[in-house]
Amino acid sequence: MAALFELASLMRSKNAGPFVLTFDILFGDEATYRRVKLARPITAELMAHLYRTPVEQVVVVYHDNARAIKASIPRPVYQGELADNDCYGGQQYAPLMSLQVD
């Protein structure tokens, strides 16, 4: 078992416009990506649970050609609102870092 952040070459979150957050997890080699893809640590159900959003509003895609996982969710607070504590969405990937992968 390994934490997802140990296997990924890049993990990030960012705005995909003012109403959507997107998460990118990229892998440096094919073998590591295949290992993670087979384990499927990122699912719509997990993202919905972690980020308290309806599962039907979560999109998760495993991109084989890019050796990457991409997930998108609605922002809980629109970008720039008074309650927005992460204007660029750059800190939202942290709960995914410690996910364990077989």
Side-chain angles (χ1 to χ4, degrees):
M1 299 267 290
L4 189 57
F5 84 91
E6 296 172 314
L7 300 172
S9 60
L10 174 68
M11 293 183 75
R12 66 182 175 202
S13 57
K14 58 187 178 179
N15 288 335
F19 309 113
V20 177
L21 286 171
T22 191
F23 300 80
D24 300 314
I25 305 166
L26 291 85
F27 300 90
D29 62 83
E30 188 71 22
T32 304
Y33 170 71
R34 295 256 173 236
R35 172 184 173 187
V36 174
K37 182 181 178 184
L38 184 64
R40 293 269 185 204
I42 306 294
T43 64
E45 292 78 15
L46 173 76
M47 296 296 290
H49 173 74
L50 287 176
Y51 295 96
R52 297 183 184 108
T53 194
V55 69
E56 54 276 350
Q57 294 183 345
V58 177
V59 176
V60 176
V61 178
Y62 284 75
H63 288 285
D64 293 343
N65 289 340
R67 295 190 306 253
I69 304 167
K70 185 171 188 89
S72 296
I73 62 170
R75 281 184 62 102
V77 176
Y78 297 156
Q79 182 185 16
E81 284 191 4
L82 288 176
D84 185 7
N85 60 6
D86 186 6
C87 189
Y88 298 108
Q91 301 174 42
Q92 302 306 309
Y93 69 94
L96 302 176
M97 293 177 66
S98 61
L99 290 177
Q100 296 296 305
V101 178
D102 288 331

Between Leu21 and Pro76, is there a side-chain heavy-atom distance shorter than 4.5 Å? yes
Does the Thr22 side chain pair with the main chain of Asn15, one donor and one acceptor, at a distance under 3.5 Å? no
To the nearest 0.5 angstrom, please state how far the CE atom of Met11 sits from the CD atom of Glu6. 11.0 Å
Between Ala44 and Val58, which heavy-atom pair has the shortest distance, and what is it? CA-CG1, 3.7 Å
Check the angle between the aromatic planes of Phe19 and Tyr78 and answer parallel, tilted or perpendicular using the 30° and 60° thresholds. perpendicular
Tell me, with the steps shown, if Ile73 and Gln92 meet side-chain contact (heavy atoms from CB on, under 4.5 Å). CA-CA 11 Å; Ile73 62 170; Gln92 302 306 309; over 6 Å; no
Before you tell me yes or no, could you show the steps for Met1 and Asp102 under side-chain contact (heavy atoms from CB on, under 4.5 Å), namely the whole-Å CA-CA distance, both residues' side-chain angles and the distance that decides it to 0.1 Å? CA-CA 5 Å; Met1 299 267 290; Asp102 288 331; 2.6 Å; yes
Which atoms form the tightest heavy-atom contact between Ser9 and Gly28, and what is the distance? OG-N, 3.5 Å
Taking every heavy atom of Thr43 against every heavy atom of Arg40, the minimum-distance pair comes out as CG2-O, 3.6 Å
Interatomic distance, OG@Ser13 vs CG@Leu96, rounded to 0.5 Å, equals 8.5 Å
Could you tell me whether the side chain of Gln100 reaches within less than 4.5 Å of the side chain of Pro41, counting heavy atoms only? no
Out of Ile69, Leu7, Val36, which residue meets the side-chain contact (heavy atoms from CB on, under 4.5 Å) rule with Ile25? Ile69
Using a 4.5 Å cut-off on heavy atoms from C-beta on, say whether the side chain of Leu46 contacts that of Leu99. yes
As an exercise, state the distance from OH of Tyr33 to NE2 of His63, rounded to the nearest 0.5 Å. 8.5 Å
With rounding to the nearest 0.5 Å, note down the distance linking CD in Glu45 to CG in Leu50. 11.5 Å
Between the main-chain N or O of Gly90 and the side-chain N or O of Arg12, is there a donor-acceptor pair closer than 3.5 Å? no
So, do Val55 and Met47 sit near enough that their side-chain heavy atoms are less than 4.5 Å apart? no
Check whether any side-chain heavy atom of Asp24 sits under 4.5 Å from a side-chain heavy atom of Leu10, and report yes or no. no
Looking at His49, I want to see if its NE2 is surrounded by more than 12 non-hydrogen atoms of other residues, nucleotides or ligands under 6.0 Å. no
Indicate, with yes or no, if Tyr51 and Val77 share a hydrophobic cluster defined by side-chain heavy-atom contacts under 4.5 Å among Ile, Leu, Val, Met, Phe, Trp and Tyr. no
Measuring only between side-chain heavy atoms, which start at C-beta, is Arg75 closer than 4.5 Å to Val20? no
For a quick test of reading the model, state the closest non-hydrogen atom pair linking Cys87 to Gly80 and the distance between them. SG-N, 4.5 Å
Within-4.5 Å side-chain heavy-atom neighbours: Leu26 and Arg67: no
Count the heavy atoms belonging to other residues, nucleotides or ligands that lie under 6.0 Å from OH of Tyr93, then report whether that count exceeds 12. no
